[in-house]
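The sequence lines fix the lettering, A, B, ..., with proteins before strands; numbering per chain opens at 1.
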Amino acid sequence: MSPGALPGFRDFYPTELAERSFIFGGWREVAREYGFVEYDGPPLEPLDLYTKKSGAEIVDQLYNFTDKGKREVALRPEMTPTLARMVAARANAMRKPVRWFSIPQLFRYERAQRGRLREHFQLNMDIVGEADVSADAELIASAIDAMRVFGLTNEDVVARVSDRRLLNALLRGIGVPEQQLGAAYAALDKLDRDPRDVLEQRLETAGVGSEPRARLFELARAAANESDFARLVRDAGASAEYDELRRYLAHTEALGVRDWVRLDLSIVRGLAYYTGIVFELFDAKGELRAICGGGRYDTLLESLGGVSLPALGFGMGDVVLGELLRARGKMPPAAPALDVWVAYGESGSVESAMRVAAKLRARGRSVEYALGHQKLARQLKAAHAAGARQTVVVATPELSDGEAMVRRMADGGEQKVQLDAWIASE
RNA sequence: GUGACCGUAGCUCAAUUGGUUAGAGCACCGGACUGUGGCUCCGGGGGUUGUGGGUUCAAUUCCCAUCGGUCACCCCA
């Protein structure tokens with residue numbers, strides 16, 4: 001094997017780039033429908049933009065180096081800090097709420113695995129300046145429509161939703177003290193992965209009593225059943241927080257995405273900065289990694305940018321989504337790129353084709369012809385191989401001056417035309 | 001960062017459990033079908049068997065290392 005791209009990095013051959021463009025096109029379409037405008041920032045940022053809030057450990061996971069001006073820099077691993085800086089700098093001048101989206105290429109220095117490379121593109125959609133749960137509903141609806149736009153349904157993808165505020169109230173209500181919240185979150189996060197007794201053991205080690213432990217598992221199980229869950233919520237004294245979540249769910253109904261959404265307390269999301277409703281999108285078969293994740297982070301802009309504004313957003317990577325679209329047959333075949341192939345017979349030359357091509361191109365058509373000198377039969381073969389929509393043949397002995405033969409590739413229909421008139425109609 | 005499995009042509013795979021010059025299909029390039037098309041036929045290019053060592057008369061095959069891929073941890077996006 002000749003050396004390829006760096007580990008975890010991809011070469012995009014035309015086939016792959018066509019798929020990438022298809023995904024980006026769907027994303028931009030949905031962002032537009034929801035009134036989001038596109039922005040971008042630098043792919044290289046000061047290292048402390050990321051260490052300031054995530055701590056020095058984060059450096060292990062970054063592509064970072066010292067530049068020639070002795071600055072500590074890093075390739076961006078996520079877009080939110082850049083967004084926070086940009087919004088904070090002009091916060092007063094912008095109409096709220098701000099709806100911004102971006103499709104940055106992000107970098108993480110980690111061992112590559114399926115669905116998880118060292119580089120990927122990620123749709124980021126964020127709303128800044130709105131604290132009401134209607135914004136949360138709007139956000140998850142846009143993420144779900146970013147599935148629909150590719151022909152995926154709620155048979156293919158499920159949105160799992162939790163709420164940090166509700167969860168905190170519940171955990172306090174069942175007797176988990178503040179300093180044990182982290183352990184409780186970790187256990188919830190691992191609910192599907194690790195067996196119950198392992199989780200119990202960990203919680204016990206963290207100091208969580210047996211009564212709160214039992215109620216924790218009861219809560220997680222009950223989330224799927226609304227009446228059971230409502231009772232547990234009342235018992236834990238978290239009714240106010242639950243009412244907010246129910247308002248959110250009602251909004252998703254109004255937005256037409258309720259049947260994609262499932263309440264699931266095991267959705268914790270690693271990022272510590274989430275403060276409210278959080279969600280993830282998974283393929284329904286559970287074969288792939290998360291497609292998308294996001295939520296509300298009302299305090300992040302203040303800590304990163306010094307401006308206190310409520311905010312929420314999600315990131316959706318191109319790698320897992322691409323795998324899902326291929327697996328479900330939703331990736332379209334490459335469309336024919338060529339409008340016209342120009343071929344010439346033996347009473348002409350390559351310049352006969354060039355003159356026609358130049359006129360067609362001036363009219364905006366995509367046109368190719370055989371370079372060098374080739375026999376007509378070969379030119380026609382090439383026209384077929386190139387996938388041209390139609391072929392125009394000029395300069396054969398059968399044609400008089402100014403005439404051409406046009407053939408549509410789709411149905412093989414052929415007709416003799418006046419060349420200049422035909423070009424003018426193309 | 002830790003552990004497990006796997007590396008043969010651009011792709012999918014062969015090579016009689018160590019034995020001649022590592023093959024086939026697809027793809028690509030060219031020729032024929034004496035100049036209007038997806039067919040057919042013929043030919044061609046392309047591999048240091050991921051790389052480097054070791055064992056052996058002999059290594060794609062066995063051993064070690066390394067690089068890469070995959071998977072599980074870790075962590076998250």
Send over the distance from [X] [atom1] to [N] [atom2], rounded to a whole Å.
X      : N     : atom1 : atom2 : answer
A:Q113 : B:G69 : CD    : C1'   : 11 Å
A:R116 : B:A72 : CZ    : P     : 11 Å
A:F9   : B:G68 : CZ    : P     : 13 Å
A:L380 : B:G38 : CG    : P     : 9 Å
A:R108 : B:C74 : CZ    : C1'   : 12 Å
A:Q390 : B:G38 : CD    : P     : 19 Å
A:R408 : B:G38 : CZ    : C1'   : 18 Å
A:L281 : B:C76 : CG    : P     : 20 Å

Salt-bridge criterion met for A:E218 and A:R215 (N-O under 4.0 Å): no
Which nucleotide in [options] has an atom nearest any side-chain atom of [X]:
X      : options             : answer
A:V393 : B:A32, B:C73, B:U36 : B:U36
A:P7   : B:C73, B:G68, B:U36 : B:G68
A:R111 : B:G1, B:C39, B:G30  : B:G1
A:K375 : B:U36, B:C74, B:A32 : B:A32

Is the distance between the ring centroids of [Y] and [X] under 6.0 Å?
X      : Y      : result
A:Y63  : A:F9   : yes
A:Y242 : A:F229 : yes
A:F22  : A:F150 : yes

Would you mind classifying the nucleic acid contact of [X] as base, sugar-phosphate or nothing, using non-hydrogen atoms under 4.0 angstrom?
X      : value
A:L123 : nothing
A:L106 : nothing
A:G294 : nothing
A:Q61  : sugar-phosphate
A:R378 : sugar-phosphate

Taking the [atom1] atom of each, how far is [N] from [M], in whole Å?
N     : M     : atom1 : answer
B:C64 : B:U55 : C1'   : 11 Å
B:U16 : B:A9  : C1'   : 23 Å
B:U56 : B:C62 : C1'   : 10 Å
B:A72 : B:U12 : C1'   : 28 Å
B:C11 : B:G19 : P     : 26 Å
B:G47 : B:C13 : C1'   : 15 Å
B:U60 : B:U48 : C1'   : 13 Å
B:U20 : B:G10 : P     : 24 Å

Test item: side-chain donor near acceptor, A:R76 and A:Q105, under 3.5 Å: no
Side-chain donor-acceptor contact under 3.5 Å, A:E403 with A:S400: yes
Both distances under 3.5 Å, Watson-Crick or G-U wobble: report the partner of [N], or none.
N     : answer
B:G25 : B:C11
B:U61 : none
B:U17 : none
B:U48 : none
B:C71 : B:G3

Sole candidate of A:R407, A:E414, A:R408, A:E426 that passes side-chain hydrogen bond (donor to acceptor under 3.5 Å, both in side chains) when paired with A:Q390: A:E426
Under-4.0 Å side-chain N/O to phosphate OP1/OP2 contact, A:Q379 with B:U36: no
Residue whose closest nucleotide on RNA chain B lies nearer the 5' end, A:R114 versus A:Q374: A:Q374
Along RNA chain B (nearest heavy atom to each residue), the more 5'-positioned of A:A290 and A:K190: A:K190
